[in-house]
Protein chains: 2
Amino acid sequence: MRIGELSRRTGVSVPTIKFYVREGLLPAGELTSPNQASYGEAHVQRLRLIRALLDVGGMSIAEIRCVIEAVDDPDRPVHEVLGTAASRMVPRHDREPGAGIEAARRKVDELITERGWHTVPSNLASESLATALAALDEVGHGAFIEVLDVYADAAELVARADLDYVARNVAREELVESTVVGTVLGDAIFSALRRMAHVDASDRLFGEAT
Amino acid sequence: MRIGELSRRTGVSVPTIKFYVREGLLPAGELTSPNQASYGEAHVQRLRLIRALLDVGGMSIAEIRCVIEAVDDPDRPVHEVLGTAASRMVPRHDREPGAGIEAARRKVDELITERGWHTVPSNLASESLATALAALDEVGHGAFIEVLDVYADAAELVARADLDYVARNVAREELVESTVVGTVLGDAIFSALRRMAHVDASDRLFGEAT
DNA sequence: CGCTATCTGATAGCGCCACTATCTATGATG
DNA sequence: CATCATAGATAGTGGCGCTATCAGATAGCG
């Protein structure tokens with residue numbers, strides 16, 4: 001198919017498709033003549049992936065490029081790539097090194113030890129967690145640490161379900177892409193569910209009092 | 001205290017503080033003379049809140065302004081404000097109305113009914129959820145719906161813990177701010193924990209195979 | 001064959017956002 | 001009195017995700 005049809009089928013404008021090709025998110029179409037290229041189902045698929053990560057996942061073009069490079073490289077050990085993919089998509093944390101970050105890091109290490117989690121030092125998620133805990137503390141809600149265990153329980157629950165799904169439904173060559181999609185969209189899904197559950201719970205607690 | 005000290009104590013530059021005042025995120029200091037104003041602890045607190053929502057929560061200035069207006073308005077019924085605050089901070093979902101969105105909405109309604117969740121139609125979270133589910137489907141992972149129940153279980157778990165924490169630790173006048181902080185930073189915390197749990201779980205499954 | 005719509009590839013520009021720089025006039029401070 | 005900090009205002013910056021425009025080539029139709 002040519003670029004116009006690709007555009008129509010995905011809802012992405014032609015200039016934007018070209019932009020993605022330039023940015024290395026999308027492979028170029030196969031040239032059939034010096035100024036004609038043909039695109040296939042893989043391009044449709046890839047474009048949908050890009051839009052999902054961008055619109056729903058809130059990732060930047062640069063982050064998506066990292067992830068896509070991992071997806072496209074078949075010569076990476078599965079486990080490493082999964083770790084990388086998961087680590088890639090941590091939200092930006094450009095905040096300065098506040099005083100509380102050290103205490104937060106210790107708290108995180110403690111949690112990891114208690115739970116016996118196998119984790120890699122390079123995993124940015126733990127740093128991310130420490131940053132969030134430090135921010136919480138700075139804002140005057142250090143006591144929130146109390147419920148961290150419940151959060152960790154819930155995270156384990158969800159992570160098991162995710163892996164289970166992957167093991168049952170996903171072929172090996174789609175592993176990385178599925179992980180990425182699941183990680184990013186799963187965040188959005190859980191986040192929405194949590195808000196809905198909040199409304200429900202607060203309705204039950206404070207509801208009748210208007 | 002004067003603006004310089006406020007800047008030093010929060011790590012936010014003086015021009016940026018002025019910018020936040022212009023943008024209505026931060027109340028102006030109390031003028032002690034035509035060109036001197038004094039700031040108090042409330043300003044420090046507010047600045048920390050802004051930076052937490054911005055850096056860790058990834059919210060935009062405009063979203064933060066909405067939330068802060070709710071925080072500053074004491075004449076709102078608690079329950080409504082909690083709902084508003086929670087609804088405010090849904091990630092941007094400017095994607096086009098793909099075909100699958102209707103089916104996803106139905107699935108969401110089904111979930112709400114099954115769970116007996118008290119929710120308001122205006123709650124943007126359910127729309128957000130539908131969008132994410134539709135995106136998942138488009139990307140070829142419609143089967144992920146299977147694990148939605150586990151996600152909902154986990155969300156209920158976390159939401160109960162959140163409300164519990166709030167009921168035990170938070171005074172009424174801080175309710176809204178705490179909700180906002182908890183919602184936004186809680187997302188970041190859970191997200192990080194989930195990634196860590198993923199690494200752990202995938203290590204146990206695929207780990208030894210390198 | 002001519003005609004128009006479409007295509008490739010390239011460069012330049014736009015709109016938004018979160019600041020940041022610079023300026024003037026004024027007052028604080030040692 | 002000299003120096004520094006400040007208020008308030010306006011303009012500018014850099015990054016990001018596109019978007020507009022163009023030249024030149026081709027497709028497909030009558």
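Just so it is clear, the values below take in all heavy atoms, side chains as well, and ignore hydrogens, waters and symmetry mates. In what follows, every chain begins at residue 1, and chains take the letters A, B, ... in the order their sequences are listed.
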Worksheet item: Across all strands shown, which nucleotide pairs with D:dG30 by Watson-Crick or G-U wobble geometry, both distances under 3.5 Å?
Response: C:dC1
Worksheet item: Under a criterion of less than 4.0 angstrom to any heavy atom of chain B, what are the 5'-terminal and 3'-terminal contacting nucleotides of DNA chain C?
Response: C:dA18 to C:dA28
Discussion item. Can you build the contact string for nucleotides 7-13 of chain D? Use B for base contact, S for sugar-phosphate-only contact, and - for no protein heavy atom under 4.0 Å.
Written reply: BB-----
Item to complete: Taking salt bridge (charged side-chain N to carboxylate O under 4.0 Å, His left out) as the test, write out the residues that go with A:R9, two or more places apart.
Response: A:E41
Worksheet item: Which of these passes side-chain contact (heavy atoms from CB on, under 4.5 Å) with A:I17: A:L25, A:I3, A:I50?
Response: A:I3
Practice prompt. Report yes if the side chains of A:L6 and A:V14 come closer than 4.5 Å at any heavy-atom pair, otherwise no.
Written response: no
Worksheet item: Can you check the A:E23 CD to D:dC16 P distance for me, whole Å?
Response: 10 Å
Worksheet item: Quick check: does any side chain N or O of A:H43 sit under 3.5 Å from a backbone N or O of A:L26, one acting as donor and the other as acceptor?
Response: no
Item to complete: Check ring pair (Phe, Tyr, Trp, His ring centres under 6.0 Å) between B:H141 and all other residues, then give those that pass, not counting sequence neighbours.
Response: none
Worksheet item: Mind checking what makes salt bridge (charged side-chain N to carboxylate O under 4.0 Å, His left out) contact with B:E156, not counting sequence neighbours?
Response: B:R115
Worksheet item: Taking atom types as modelled, is there a side-chain donor on A:S128 or A:T131 under 3.5 Å from an acceptor on the other?
Response: no
Worksheet item: If you find the nucleotide of DNA chain C closest to B:T32 and the one closest to B:A62, which residue's nucleotide is nearer the 5' end?
Response: B:A62
Worksheet item: How would you list, by chain and number, every residue that makes a salt bridge (charged side-chain N to carboxylate O under 4.0 Å, His left out) with A:R65, sequence neighbours excluded?
Response: A:E23
Worksheet item: OP1 or OP2 of D:dC18 less than 4.0 angstrom from a side-chain nitrogen or oxygen of A:Y20, does that happen here?
Response: yes
